[in-house]
Amino acid sequence: MGTAEQDWQEEQQRVDRVIAEIDHRLSNLQTQVLDTKEEIVDIRKNFWDDVTVNFEDAAESAESHASLKQQAEVLQERERTYRQAEKQLKTLTKLRQSPYFGRIDFTEKGDSSSEPIYLGIASLLHPNGEEYLVYDWRAPVSSLYYDYPPGPAHYETPMGTIQGTMDIKRQFIIRDGVIRSLFDTGVTIGDELLQEVLGKQADSQMKTIVATIQQEQNQIIRNERSRLLIVQGAAGSGKTSAALQRVAYLLYRYRGTLRSEQIILFSPNPMFNSYVSTVLPELGEDNMQQTTFQQYLESKLSRTFRVEDPFEQMEYTLNEEEDPSFDSRLAGIRYKTSVHYMQLIQHYADQLKQRGMKFKAIGFRGRELISAEAIAEQFYALDPSMSIPNRMKLVAEFLLRELTKLAKQEKKKRWVEEAIELLDKEDYIDVYHRLREKEQFTSNSFDDFDRERDLLATMVVQEKFKKLRRRVKLLRFIDVPAMYRQLFTDAEWMDRLDGHTSLPHAEWEQICAQTITAMDQEVLPYEDATPYLYLQELLEGFQVNTSIRHVFIDEAQDYSPFQFAFLKRLFPFAKITALGDLNQTIYAHAADHSGFQPLIDLFEPEHTETIALKRSYRSTRPIVEFTQGMIAGGEQIEPFNRDGAKPTLSYAKSKTDLAEQITAQVTAWQAEGLQNIAIIGKTSAECHEAYETLLAAGDHSLRLINKGTASFEGGTVVIPSYLAKGMEFDAVILYNASANQYRHERERKLFYTACTRAMHKLHLYSLGEVSPFVAQVDTSTYQTI
């Protein structure tokens with residue numbers, strides 16, 4: 001028997017032993033879970049039979065309370081035990097399929113022999129309780145597997161650095177308890193394992209492949225020192241995967257002090273949340289909070305406006321080039337997302353301390369109880385050195401006192417008498433008992449009737465004034481819309497503020513008109529939403545979130561400097577991990593901004609780290625070599641050595657011909673076994689047109705994706721270019737890559753983003769002359785058919 005064959009046999013015997021141990025524990029756990037579940041059901045069913053309830057006197061009440069508390073604690077403890085056992089059951093079930101994926105033999109400095117260390121998705125302790133059969137991939141010693149080839153190596157622990165030598169680095173592919181592949185490697189991850197993983201079909205949800213983490217990705221995952229970690233990664237470089245595995249690592253590393261709800265991920269769209277939702281549960285962790293920046297804006301502003309979303313803004317910039325106000329809208333977008341505009345809002349708020357504050361009158365039943373002028377007079381009578389939010393609190397207290405006085409006067413009004421007559425019998429009984437408790441009923445006298453009427457009137461007025469008092473407590477008397485409008489309607493304000501910032505003077509008049517028109521329709525343009533909310537917070541007081549410890553921003557290149565600064569202020573105690581690719585910057589505001597520098601400027605240099613991921617793993621080498629030529633600096637992107645067919649280009653004579661060709665291509669790819677296919681259109685309108693045309697051509701398996709799509713389910717989809725960001729597909733068709741559709745330089749990165757969604761196949765169709773973004777690419781990197 002050869003050495004390799006003997007190694008394989010010995011490793012398989014070890015796998016068998018580990019699985020036997022897992023089976024033993026699974027059997028015990030399943031029994032424990034069933035028993036605990038039955039116990040919980042029994043406790044719930046007989047809860048009140050097992051407690052003493054008697055409230056006749058203080059002593060009996062105390063005993064009843066103690067009995068209830070004890071029984072509730074027993075139930076909570078059983079439920080906690082059940083949850084933990086069920087979680088262990090899920091973990092062991094996963095381990096049984098593939099107990100581990102790697103082995104390193106490490107000789108610690110000063111020791112004479114090496115220790116074999118096996119790595120898997122979770123730890124498995126030996127029955128003796130003194131050694132591990134499997135180490136969790138997040139354990140400190142596991143970093144050796146990702147960071148070093150055989151030879152000198154070290155790893156960090158909470159106790160310090162451990163030096164030593166790695167003697168063996170072995171990788172496994174184990175399926176259903178059987179070793180399918182075993183090989184020793186001298187690099188981080190052997191090509192054989194990566195080929196196995198990358199050659200698979202795309203899935204409807206992102207998978208976590210901890211076995212394929214590269215050294216540079218491991219630096220991202222295990223970074224603990226940086227307040228700001230920026231990951232600039234090429235398309236398909238594994239940015240998002242590394243970030244999610246970073247979340248799992250942090251939850252493992254700080255499991256005593258960090259909970260999943262203290263981590264938040266800002267995703268590019270709701271569908272992407274669905275796409276990544278299974279990664280952490282696969283690693284045995286609860287999902288962190290997931291949202292989009294748009295959802296956050298709407299949660300704060302939807303009561304006042306319909307907030308335009310970034311996709312509406314994108315559709316405008318892609319479709320409305322002929323609009324006479326197009327250039328001024330673009331100028332407005334770029335200015336309102338800048339640091340300059342943030343500074344202007346700040347200076348505006350500072351000047352509002354002296355003049356210009358606008359308030360809403362407090363009205364009731366069609367009458368004005370407290371005028372806006374009276375509120376303003378009260379505000380400006382306060383010490384001007386106080387902050388605006390503190391003065392607002394004092395104004396609110398003043399208004400609540402005034403409402404108390406006005407409520408007493410209101411009790412004498414005719415409407416109160418009418419309301420009393422309509423009260424239910426229960427209300428009268430309630431008032432009667434309250435008066436009896438206060439011993440205010442002496443006899444059936446006229447005075448008793450007056451007291452009853454007074455109490456009923458008080459009850460009626462207080463109920464009606466409750467809404468007014470609540471609005472005052474929420475500072476709803478501040479007219480934030482009027483103050484934001486004032487920036488665009490009062491030229492004197494801009495004359496005073498212009499010295500603090502650089503206005504786009506040539507377009508300013510049109511920018512003002514566009515903003516006011518939108519606000520008149522109760523719509524807040526996307527570029528105005530963050531500045532508006534910032535002004536509101538400056539006036540009412542910032543509602544910061546101090547519980548969040550880590551903020552992850554995916555597709556961070558699409559955030560504006562204003563949004564970066566706002567998020568930094570919103571989460572003052574959080575570390576930020578920002579992931580993005582400057583070559584996929586597709587929104588209009590990015591033209592005048594310098595990448596991630598505005599975010600970097602918010603942190604101290606010593607607390608900031610940037611990691612670049614240059615190797616692309618998603619696409620085959622031919623696809624990467626084709627897309628490299630579309631962007632400046634594309635030659636720096638390193639393709640993974642995975643072969644495949646060159647991208648192809650076809651011309652169509654008409655939309656009917658185009659639909660027939662696409663239908664035939666999709667059918668051919670499906671016959672090859674490609675399951676997830678994307679037909680990518682430039683805009684939502686083009687996608688809708690493509691969808692209808694393809695349906696008419698006979699393809700009824702299509703699914704149309706739009707901004708409202710909540711989940712990604714795979715199959716053949718028609719999807720706008722900007723919604724495809726972050727996704728990957730087995731094969732991609734660019735619906736119309738013609739010069740008529742993609743000709744402006746500002747659309748270059750959008751075109752590149754669409755092409756880089758493909759894993760195995762990429763085909764471009766063109767109605768007429770092809771886009772210059774393709775014409776400029778080396779013709780040897782694609783094939784025209």
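Residue numbers run from 1 in the order of the sequence given. Hydrogens, waters and symmetry mates play no part in the numbers below; they use all other heavy atoms, side chains included.
- Between Glu21 and Arg25 there is a salt bridge, with a side-chain nitrogen of the basic residue lying less than 4.0 Å from a carboxylate oxygen of the acidic one.
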Exercise for review: Kindly determine whether Glu216 and Lys614 satisfy salt bridge (Lys or Arg N to Asp or Glu O under 4.0 Å), including the steps that lead there.
Suggested key: CA-CA 10 Å; Glu216 64 272 21; Lys614 296 182 179 180; over 6 Å; no

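- Taking the six-membered ring wherever Trp is involved, the centroid distance between the rings of Phe266 and Tyr296 does not fall below 6.0 Å.
- If you check the side chains of Arg222 and Ser143, you find no donor sitting under 3.5 Å from an acceptor.
- Gln289 contributes a side-chain N or O that, together with a main-chain N or O of Glu261, makes up a donor-acceptor pair within less than 3.5 Å.
- Judged purely by atom type and a 3.5 angstrom limit, Arg618 uses its side chain to pair as donor or acceptor with the backbone of Thr756.
- With 3.5 Å as the limit, one finds no donor-acceptor pair spanning the side chains of Tyr252 and Glu285.
- Because its NZ or CZ atom is not both nearer than 6.0 Å to the ring centre of Phe272 and within 45° of the ring axis, Lys725 does not count as a cation-pi partner of that residue.
- Going from atom OH of Tyr118 over to atom CG of Asp105 covers 7.0 Å, rounded to the nearest 0.5 Å.
- Here the side chain of Lys239 pairs a donor or acceptor atom with the backbone of Ala234 at under 3.5 angstrom.
- Between the CZ atom in Arg253 and the CG atom in Asp136 there is a gap of 13.0 Å [rounded to 0.5 Å].
- In this structure a side-chain-to-backbone donor-acceptor pair under 3.5 Å is missing from Arg14 to Glu10.
- Under a 4.0 Å N-O distance rule, the pair Arg103/Glu11 qualifies as a salt bridge.
- Two rings, from Phe566 and Tyr559, have their centers 6.0 Å or more apart.
- Note on ring orientation: taking the six-membered ring where Trp is involved, the planes of Phe596 and Phe564 are tilted (angle from 30° to 60°).
- The aromatic rings of Trp137 and Tyr146 stand perpendicular to each other, their planes meeting at an angle above 60°, with 30° marking the opposite boundary.
- Distance alone, capped at 3.5 Å, is enough to place a donor-acceptor pair between the Thr608 side chain and the Glu604 backbone.
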